[in-house]
Every structure is written in structure tokens, then in C-alpha cells.
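Every chain is numbered from 1 and lettered A, B, ... according to where its sequence line falls, protein lines coming before strand lines.
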Protein chains: 2
Amino acid sequence: MREVLAQAAFQLFLERGFERTTVDDIVARAGVGRRSFFRYFPSKEDAVFPDHERCLAEMTEFLAVADDGDPVGAVSDAARIVLRMYAANPEFSVQRYRLTREVPGLRTYELSVVRRYEQTLAGHLRSRFGEDGDGALRAEVVAASVVAAHNNGLRLWLRSGGEGDPEVAVDHALALVREVWGRPTASTAPAAPGASAVPAVPLAVSGGGDGDGEVVVMVARKGTPMWRVVQQIEAAVGEN
Amino acid sequence: MREVLAQAAFQLFLERGFERTTVDDIVARAGVGRRSFFRYFPSKEDAVFPDHERCLAEMTEFLAVADDGDPVGAVSDAARIVLRMYAANPEFSVQRYRLTREVPGLRTYELSVVRRYEQTLAGHLRSRFGEDGDGALRAEVVAASVVAAHNNGLRLWLRSGGEGDPEVAVDHALALVREVWGRPTASTAPAAPGASAVPAVPLAVSGGGDGDGEVVVMVARKGTPMWRVVQQIEAAVGEN
DNA sequence: GAGACTATGGCACTCAGTACCCTCTGTAAA
DNA sequence: TTTACAGAGGGTACTGAGTGCCATAGTCTC
């Protein structure tokens with residue numbers, strides 16, 4: 001029923017445009033009563049994004065059981081859930097993308113959906129980073145970065161007409177975020193030449209009198225990726 | 001006229017709530033015809049944010065003449081224009097914030113406004129970073145980060161009831177973004193204790209045979225803020 | 001078969017937003 | 001002084017989204 005309505009609605013949106021299609025048109029084609037439409041979709045816009053609710057639930061569930069050791073990695077993987085939803089129906093996704101670009105109401109609606117994803121990610125990061133200090137701030141900025149990177153890669157694929165693998169563009173975009181915000185794991189971070197062969201060796205040397213006067217000497221090859229340097233220093237200096 | 005309508009609308013929204021106030025109520029209180037309302041505001045929501053259009057124009061103008069040497073700094077300063085608009089009317093801003101939090105329709109509307117700011121910032125960054133390669137990607141991620149940081153600081157101030165100076169929270173939030181995405185300048189970066197007294201001393205020592213085999217030794221006091229460490233290393237290792 | 005529960009349809013209503021046309025006022029040309 | 005014009009505001013009627021309420025039909029339970 002829900003499926004029938006969503007398909008009828010989408011067909012009509014493509015044929016006549018979103019605004020020139022009334023709910024009466026939709027229910028007429030679907031062969032159901034008008035009242036039933038609003039039982040399945042709270043608004044006309046919802047019929048265009050019938051699967052986001054499910055996807056959001058999936059993301060929430062994923063994050064609930066996610067590995068705690070790498071929060072940024074976890075939210076990046078969570079973002080990939082959305083990507084896979086789009087990739088599961090390339091043709092539909094591309095058509096919807098073109099439709100959404102044209103209709104201001106749909107663009108606004110999509111913003112609210114994206115915002116819910118972002119808040120879900122931010123909530124997870126906040127619980128890991130801690131509410132105090134800059135925890136909440138970092139959580140929101142990282143979540144926004146992940147969403148922006150994901151959407152950049154996704155749009156690249158959508159604009160191409162859904163050709164090829166969208167994962168490559170999104171992986172690349174997310175990697176850029178992780179380079180600055182999080183510790184990449186071996187599975188997703190590109191192996192940097194030299195970095196694994198001659199890893200940076202943090203070496204703490206007791207210097208002055210008080211604890212805060214300690215001096216850290218860090219050695220790295222020139223060409224070592226910045227994330228790797230930061231990773232090592234943070235481990236030695238201790239998050240400050 | 002526009003002002004009269006906006007004030008009448010806002011009064012009623014506070015008294016009865018946004019959804020329980022009709023446009024007829026507003027024009028009745030303002031003493032004008034219903035048709036006039038929609039001449040000045042395209043929608044009921046617009047009456048809640050009467051100054052964003054002007055603010056967006058101001059931001060666009062600012063970026064057009066902004067210093068090109070520090071794009072991230074320029075968009076951060078551009079974001080502060082929005083902050084100052086809020087800070088100019090603390091009472092109004094706080095009341096509107098509380099109203100917006102309660103009404104889903106207003107939240108969605110605000111998202112679309114924020115999105116336009118973000119795209120303005122991203123457009124400026126894109127023109128500086130270049131469209132090719134990761135330029136567009138970086139532009140969008142940085143713009144999203146700046147907006148998220150700005151909004152975090154702004155919301156902190158709004159939740160406090162508009163007490164004190166909102167600039168401090170926003171400056172701090174934006175500084176965090178600049179620590180990872182841009183080079184902080186002396187004026188915006190907080191002076192870290194110890195960092196200025198005993199600055200990190202990057203020291204490049206030629207190591208292996210080829211240029212890539214060079215080794216960088218970096219010395220810093222324990223307690224040095226991470227952004228300062230990264231800043232020094234980047235200067236020595238050279239952006240990689 | 002009575003009662004309860006669920007899915008669906010129908011009807012009437014509110015209200016945002018728009019199209020069209022009206023009046024009024026001020027201004028400038030003849 | 002009259003006429004022509006323009007622009008601000010007002011009025012009316014309409015479309016269409018979304019909601020509340022009730023009726024109906026199928027289904028399950030006891």
C-alpha cells in the first residue's frame with residue numbers, strides 16, 4: 001500500500017512535476033482514498049523520500065553497537081549506510097536528485113532529513129567525546145564535516161548519472177575528514193609510503209622540574225602524512 | 001509597514017504560539033489587509049526571520065572584498081556577521097530561539113536559511129581553493145565546519161539567555177576549526193601558556209639519501225596546545 | 001455470533017498561499 | 001484643470017495541503 005502510493009506519487013512527479021501534482025492525482029492513480037495517503041505519509045514531500053525513516057533507524061542501531069575505539073570511523077561508516085541506500089537504486093536516486101534540485105520545497109525537506117542524520121552522528125560523537133569542555137563542539141563540527149564530505153561524494157555520483165561506484169568518491173571525501181579529525185584505522189586509511197616502514201617514534205624525555213615542563217621530542221620522516229604525525233604526538237603529549 | 005507586520009506577528013507567536021496564530025490574526029493586529037502580508041513576506045515563516053535576507057547580502061558583499069590570503073579566516077569573519085546580527089538584539093534573538101526550538105516548521109525554515117549562508121561561504125572557498133581536485137570538497141567541508149562551529153557558539157549564548165558576550169564562545173569555536181583547517185592568526189588564536197614562552201622549535205636535519213628521506217625533529221613542551229604543534233610541524237614538513 | 005481491533009474511505013473543515021481586480025493617492029504632462 | 005500614469009495597498013475568490021471525525025468492512029478472539 002505504502003509502496004503503491006510512493007510509486008504512483010513518484011511517477012506523477014516525474015511526469016508533471018512535484019508542484020503540479022496534487023494528492024488527489026496521486027490517490028487517483030494509486031486507486032485508494034485520499035485519506036489513506038496521509039496515513040502513510042505525513043506530507044506530500046515524504047512520498048519522495050520513503051526510505052529515510054528506515055535508514056535513520058538503521059544508522060541509530062549501527063551506532064549503538066559501534067566500536068568505541070574510533071568514534072570518527074564509526075560515524076563515517078554510519079554515513080556509508082545512507083550511501084548504500086542511494087546506491088541500491090541508482091536510477092531512482094538519480095531521478096530523485098534531479099527532481100529535488102528543481103523543487104525548493106523538496107530541497108528544504110531534504111535539509112531537514114540530512115539534519116536528522118547529522119544530529120544522530122553528533123549525538124554519538126558527543127557521548128564519546130564527552131559533554132564537557134569542547135566535547136560537544138567537536139562532536140558537532142565533526143558530524144557536520146562527515147555529512148558534508150559524504151554529501152559531496154554522493155552528489156558527485158548522482159550528477160554523473162549514477163555511473164560507477166559511489167563508494168570511491170565518498171571514501172575519498174571521508175578520508176579527508178579523518179585525516180584532520182580522527183585517527184584513521186589501517187583498513188580505511190591509505191598506506192602512506194615511508195610511514196609504516198619507518199614509523200614516527202615518540203620519545204618522552206624528562207626535562208625541567210615540574211610535570212608540565214616535560215619536553216617531548218618527536219621524530220618523523222619528511223613526507224609522513226599529517227594525521228600520522230598528529231596521532232603519534234597526541235599519544236605522547238596526551239590530548240590537550 | 002514591514003516592520004509593523006513583523007512585530008505584530010512576533011508578538012502573536014509568543015502569545016499563542018506559531019501554529020495557533022493565523023495570518024488573519026497578524027494582519028488584524030497590524031491593522032492592514034491580508035494581501036499586504038504576503039507582499040512583504042513570502043510565507044508566515046519569513047516574518048520570524050525578517051533580517052536574514054539583509055544579512056545574507058551583507059555577507060556576500062563582505063566576501064567579495066575579503067582578503068584573499070586567508071580564505072578560512074575570511075569565511076570565519078563572514079560568519080561573525082551573522083553572530084553580530086543576533087547579538088544586536090539579544091532579547092529578540094533569545095525569544096526567537098526558544099520559539100524556533102518548539103516549532104518544527106520554523107526549525108526547517110531556519111535550516112534552509114543556514115544552508116544559504118553555508119553555500120555562500122562554500123562558494124567563496126571554492127573560488128579560492130579551486131574547483132579541481134579536492135578544492136570543491138574542501139570548500140564544502142570547511143564551510144560546514146565553520147557553520148557548525150558558529151552555530152555551536154551561538155546556541156551556547158542563546159541558551160544562556162543572551163547573557164554576556166557571544167563573541168567569546170564563537171571565537172573559541174571558530175578557532176578550533178582554524179586549528180585543523182587553516183592557519184590561525186595571532187589575533188584569533190588564544191595564547192597558550194608556555195607556548196609563547198618556550199616556542200616549539202622545528203629543526204630539520206638531513207637524514208637519508210633522497211629528499212623524501214629527510215627527518216624532522218620537533219621539540220615542544222608537554223602541554224603545548226595541539227594546534228600550535230601542528231602549525232609548527234606543517235611549517236617544517238610542508239603540507240602533506 | 002458478539003465484541004474488539006485494524007485498515008480504509010468519505011466528508012467537512014481550517015488555513016496558507018495565489019490570481020485577479022479594485023481603490024486611493026501622488027505626480028507629471030497637456 | 002484635466003488626463004494619464006504608476007505604485008501602494010485592499011478585497012474576493014480560488015486551489016490545495018493537511019486534520020478531525022465518523023462510517024464501513026474485514027479479521028481475530030472468545
Anything under 3.5 Å between a protein N or O and an N or O of nucleotides 5-7 of chain D, put it in a table, one pair a line.
none

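- Sorted by first then second residue, the salt bridge (charged side-chain N to carboxylate O under 4.0 Å, His left out) pairs that include residues 89-101 of chain A, not counting sequence neighbours, are A/Asp51-A/Arg96.
- Atom pair B/Arg20:CZ and D/dT19:P shows a separation of 15 Å (rounding to whole Å applied).
- Residue pairs meeting the salt bridge (charged side-chain N to carboxylate O under 4.0 Å, His left out) criterion with at least one partner in residues 117-130 of chain A, sequence neighbours excluded, are A/Asp68-A/Arg128, A/Arg115-A/Glu118, A/Arg126-A/Glu140.
- What separates CZ of B/Arg2 from C1' of D/dG9 is a distance of 16 Å, to the nearest Å.
- In terms of the salt bridge (Lys or Arg N to Asp or Glu O under 4.0 Å) criterion, A/Arg2 has no residue partners (sequence neighbours excluded).
- For the contact set between residues 34-48 of chain A and DNA chain C, defined by any heavy atom under 4.0 Å, the members are A/Arg35, A/Ser36, A/Arg39, A/Tyr40.
- In this structure A/Glu102 satisfies the side chain to side chain contact (heavy atoms under 4.5 Å, CB included) test with no other residue, sequence neighbours excluded.
- The ring pair (Phe, Tyr, Trp, His ring centres under 6.0 Å) search around A/Phe18 returns A/Phe13, not counting sequence neighbours.
- Using modelled atom types and a 3.5 Å distance limit, the side chains of A/Asp46 and A/Tyr40 yield no donor-acceptor pair.
- Under the salt bridge (Lys or Arg N to Asp or Glu O under 4.0 Å) criterion, B/Arg34 pairs with B/Asp24, not counting sequence neighbours.
- Judged by distance alone, with hydrogens and angles left aside, the side-chain atoms of B/Asn89 form no donor-acceptor pair with the main-chain N or O of B/Phe92 at under 3.5 Å.
- We find that CD of B/Glu19 is positioned 14 Å from C1' of D/dA17, with the value rounded to whole Å.
- Listed in residue order, the members of residues 6-17 of chain A having a heavy atom less than 4.0 Å from DNA chain D come to none.
- Partners of B/Glu53 under the salt bridge (Lys or Arg N to Asp or Glu O under 4.0 Å) rule, at least two apart in sequence or in another chain, are B/Arg116.
- The CG-P distance, from B/Leu5 to D/dA8, rounds to 15 Å in whole Å.
- For B/Phe129, there are no ring pair (Phe, Tyr, Trp, His ring centres under 6.0 Å) partners, not counting sequence neighbours.
- Not counting sequence neighbours, the partners of A/Arg84 by the salt bridge (Lys or Arg N to Asp or Glu O under 4.0 Å) test are A/Glu167.
- Taking atom CG of B/Asp24 as the reference point, atom C1' of C/dC13 lies 15 Å away to the nearest angstrom.
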